[in-house]
Amino acid sequence: MTCVGLLEDDIAIQEMILLVLQDEGYTVVNYPDAETCLLSLGVEGTVVNPLPIDLLIADWRLSGSITGVEVIRQLRAQSYLATLPVILTTAATYNDTEELQQLHVSLLEKPFSVDDIIHLIQELLISDTSA
């Protein structure tokens, strides 16, 4: 079964994404903050084996000192996380598309539809398994 990591600090959006993904048959690991996400994926300590998630959805603007992009930078610095499919969500305008390409991140702007997020997840997971 496919497991999706969710790093979203807006409770309403978090619950909506959680319900949508579970309804689609995904297992969801909810990370309440950036530190918990990094710790559970082994960035702050030992390598996680096997990786607990198949894809990560991260919000750009998180409460706290670490942004979603910084979380992704730290993940990408780990060789075993270099190819983890990542979706960055944001309600703000994100203009640094070159950075997103370098980090191999897909951008999904809020508000997005249920179909948009499901389609993007399926697309990333299919391309990940064929790689």
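These figures come from a predicted structure and were not determined experimentally. In what follows, residues are counted from 1 in the order of the sequence shown.
Within the 4.5 Å cutoff, the side chain of Asp23 has no heavy atoms near those of the Leu19 side chain. Between Tyr31 and Val71, every side-chain heavy-atom pair lies at or beyond the 4.5 Å cut-off. Looking at Gln22 and Leu18, their side chains come closer than 4.5 Å, going by heavy atoms from C-beta outward.
Remark: side-chain polar atoms of Arg61 are not paired, donor with acceptor, to backbone N or O of Thr67 under 3.5 angstrom. Although no hydrogens or angles enter the test, the distance criterion places a donor-acceptor pair under 3.5 Å between the side chain of Tyr80 and the main chain of Gly42. The closest donor-acceptor contact from the side chain of Glu8 to the backbone of Asp59 lies at 3.5 Å or more, if one exists at all.
Of all heavy-atom pairs between Asp54 and Thr2, the closest is OD2-CA, 3.3 Å. Here the closest non-hydrogen pair linking Leu124 and Val86 is CD1-O, 4.3 Å. Residues Leu62 and Gly68 share a closest heavy-atom pair of CD1-N, 3.8 Å.
Among Asp33, Asp10, Asp9, the one residue that satisfies the side-chain hydrogen bond (donor to acceptor under 3.5 Å, both in side chains) test with Ser63 is Asp9. Among the candidates Val114, Asp115, Asp116, the single residue satisfying the side chain to side chain contact (heavy atoms under 4.5 Å, CB included) test with Phe112 is Asp116.
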**OP:** Applying side chain to side chain contact (heavy atoms under 4.5 Å, CB included), run through Glu24 and Ile121 and close with a yes or a no.
**Re:** CA-CA 11 Å; Glu24 288 292 317; Ile121 289 169; over 6 Å; no
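Both Ile57 and Met16 belong to a single network of hydrophobic side chains, linked directly or stepwise wherever heavy atoms of I, L, V, M, F, W or Y lie under 4.5 Å apart.
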